[in-house]
Amino acid sequence: MAAPMSIMNTVKWISKSLKISRLQVSCGSLLPVRYSSAVGSSKSLVYEKYGDPVKVVKLEQRPLPEVDDDSVLVKMIASPVNPSDINSIQGIYPIKPAFPAVAGFEGVGEIQEVGSNVKDLTPGERVIFQGSVTGTWCSHLVCPANQVMVVPEGTPPLIAATVKVNACTAYRMLADFENLVEGDTVVQNAANSGAGQALIQIAAARGLKTINIVRDRPDLQELTDYLHGLGATVVTTEGDLRKGASSLLKDLPKPKLAVNAVGGKSIIALVKQIQHGGTIVTYGGMSKQPVMVPTGSLIFDDLKFKGYWMSRWHQENAGSEEARQMFDQLCRWGGTGQLRAPQHRLVDIDNYGSALEKALGEYSTEKQILTFGS
Ligand SMILES: NC(=O)c1ccc[n+]([C@@H]2O[C@H](COP(=O)([O-])OP(=O)(O)OC[C@H]3O[C@@H](n4cnc5c(N)ncnc54)[C@H](OP(=O)(O)O)[C@@H]3O)[C@@H](O)[C@H]2O)c1
């Protein structure tokens, strides 16, 4: 049973190093429950044990904690279903909420009520949540006022709903690992993922070129056209690269940066493209396979292999000027249309089962985004 032990140790280490307390990560659900004056309960997607999301997640009407002096009541508007939500429900994500837990790590909502000490927030303002607030798959939530961030005017709601996980990750990976300047190239796999779509657009807004690897599928041309429409320079498959689609790449500078959301052998296609001394950042493991790095790339190509976890960055930089600048820039790009929300399907919380089933499937570019009625 070595694997579960090592996961437990990792979880303890991460919880300790990020100072994530159970209270912080469970939003209002661990606070003493007294009924709020304005809204008594919240329609919530709750799980009481780990397992298959389709089986363990239930829709429940849950009592809301009181809006105390330093808290706010938020009416949720939209919240996506991301792989981290799925992994969390499956019990294989490092952030472990206390049970019963409301699922969901990000979303956008509207302030409905503020506590008596809260002077800088007003009912009607749109907000997203800081690092430690979870449990966003619900119609209403109560959380500390200092854990919400007002969304700038003009930000499309679905940009706000999806900015914290994928858009921020793409932004940081393009900012923090290599000194990328206009005209440089970045290569990525799972390019049709939510994070991949954000990366294409942020790169294009910065004048960077992207080589985008997707898996082969019957509607490949449609997907290719869609990604080109977002600003992708090249869209290809691992198979086509092996067969010599590299003619597509001949006019591009070799990438300084590669980002990997798949793991397994998929990294080989990235290793083949990247320039000597470049950096490969792994941020996801969709294949559920260990990253299989060719030995020669370590010895002869001097490649740097890094990992990245956005939650750690959010935790370490919450409230910082750099975090504010990142959110403002992403929201500005959202307002000008340079950053569009990922291709998506809106699903009312009452139909959550179909959202979970679709999110668990493969070969679909559509992000499932839960909505919470009027
Ligand atoms: N480290 C971080 O801080 C961080 C932040 C954000 C996201 N992530 C991770 O990044 C990954 C993408 O997240 P997302 O929200 O952008 O995902 P998403 O929108 O749900 O898209 C999933 C992507 O994974 C691909 N995929 C699924 N199963 C696969 C498999 N067996 N082999 C190869 N590709 C597969 C899909 O391609 P098909 O269309 O071909 O199925 C699609 O491109 C996830 O692993 C997520 O946990 C990490």
Side-chain angles (χ1 to χ4, degrees), residues 10 14 18 53 79-90 92-95 104-107 131 158 161-177 188-202 212-220 222-224 226-227 230 232 235-239 259-270 280-292 306-317 326 330 340-345 355-370:
T10 310
I14 289 167
L18 299 188
S79 177
V81 179
N82 289 321
S84 50
D85 303 313
I86 296 291
N87 294 158
S88 185
I89 298 162
Q90 291 167 328
I92 55 171
Y93 199 69
I95 296 175
F105 283 127
E106 69 169 335
L158 294 184
T162 56
V163 71
K164 180 177 151 189
V165 175
N166 285 329
C168 284
T169 300
Y171 180 100
R172 292 253 65 92
M173 291 192 300
L174 291 175
D176 293 349
F177 291 92
Q188 64 166 338
N189 57 22
N192 61 323
S193 64
Q197 292 175 55
L199 187 136
I200 290 169
Q201 297 175 85
I202 295 166
N212 299 282
I213 304 173
V214 295
R215 292 199 290 181
D216 204 359
R217 66 196 68 225
D219 60 352
L220 180 61
E222 201 182 309
L223 176 60
T224 303
Y226 169 68
L227 297 180
L230 295 181
V235 180
T236 186
T237 64
E238 286 181 18
V259 300
N260 170 35
V262 177
K265 288 187 179 161
S266 186
I267 200 149
I268 293 168
L270 302 179
I280 301 191
V281 182
T282 294
Y283 72 103
M286 291 305 297
S287 70
K288 299 201 161 53
Q289 296 296 314
V291 174
M292 295 180 202
K306 304 268 189 171
Y308 186 69
W309 193 31
M310 193 68 226
S311 299
R312 179 185 291 123
W313 195 96
H314 280 313
Q315 195 73 25
E316 290 173 352
N317 294 276
M326 170 178 67
L330 290 168
R340 287 189 258 151
Q343 199 175 91
H344 59 269
R345 186 173 79 114
L356 292 176
E357 274 167 20
K358 289 251 183 196
L360 285 159
E362 294 182 58
Y363 299 101
S364 166
T365 300
E366 264 179 1
K367 178 71 69 188
Q368 307 301 303
I369 301 183
L370 295 166

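Whatever order the structure lists ligands and atoms in, that order sets their numbers, starting from 1. The figures that follow rest on heavy atoms only: side chains count, while hydrogens, waters and symmetry mates do not. For the single chain, residues carry numbers from 1 onward in sequence order.
- Looking at Y363 next to ligand 1, an N or O pair under 3.5 Å apart turns up.
- The closest protein non-hydrogen atom to atom 5 (C) of ligand 1 is T169 OG1, 3.1 Å.
- Taking distance alone, with nitrogen or oxygen atoms compared against 3.5 Å, R217 approaches ligand 1 more closely than that limit.
- The shortest distance between side-chain heavy atoms of I213 and L270 falls below 4.5 Å.
- Counting only heavy atoms of the protein, atom 12 (C) of ligand 1 lies nearest to S193 CB, 4.1 Å.
- From the protein, the heavy atom lying nearest to atom 33 (C) of ligand 1 is V262 CG1, 3.5 Å.
- For ligand 1 and S364, the ligand atoms under 4.0 Å from any heavy atom of the residue are 39 (O).
- For the pair R215 and E362, the salt-bridge criterion is met [side-chain N within less than 4.0 Å of a carboxylate O].
- In terms of polar-atom proximity, defined here as any N/O pair under 3.5 Å, S84 makes no such contact with ligand 1.
- For atom 15 (O) of ligand 1, the closest heavy atom belonging to the protein is K367 NZ, 2.7 Å.
- Distances between N or O atoms of N87 and those of ligand 1 include no value under 3.5 Å.
- Ring orientation note: the planes of F105 and Y93 are tilted relative to one another, at an angle of 30° to 60°.
- In terms of protein heavy atoms, atom 1 (N) of ligand 1 is closest to Y308 O, 2.7 Å.
- The CH2 atom of W309 sits 4.5 Å away from atom CD1 of I95, with the distance rounded to the nearest 0.5 Å.
- Residue E222 places its CD atom among 12 or fewer non-hydrogen atoms of other residues, nucleotides or ligands, all under 6.0 Å distant.
- Between A195 and ligand 1, at least one pair of N/O atoms sits closer than 3.5 Å.
- If you check each of M310, Q188, Q343, M286 against atom 3 (O) of ligand 1, the one with the closest non-hydrogen atom is M310.
- Residue N189 comes nearest to S266 through the heavy atom pair ND2-OG, 3.2 Å, listed as atom of the first residue, atom of the second, then distance.
- No side-chain heavy atom of M310 sits under 4.5 Å from any side-chain heavy atom of Y283.
- Listed for the Q197 side chain is no donor-acceptor partner under 3.5 Å among the backbone atoms of P342.
- From the protein, the heavy atom lying nearest to atom 13 (O) of ligand 1 is P83 CG, 3.6 Å.
- Of all protein heavy atoms, the one lying nearest to atom 37 (O) of ligand 1 is N192 OD1, 3.7 Å.
- Across A190 and A261, no two heavy atoms sit closer than the pair CB-CB, 4.0 Å.
- Ligand 1 has no nitrogen or oxygen under 3.5 angstrom from a nitrogen or oxygen of G284.
- The nearest protein atom to atom 32 (N) of ligand 1, hydrogens excluded, is given as R215 NH1, 3.3 Å; this is a heavy-atom distance.
- Residues T162 and E106 approach most closely at C-OE1, 3.4 Å, considering heavy atoms.
- The residue among Y283, W313, W309 with a heavy atom at the shortest distance from atom 9 (C) of ligand 1 is Y283.
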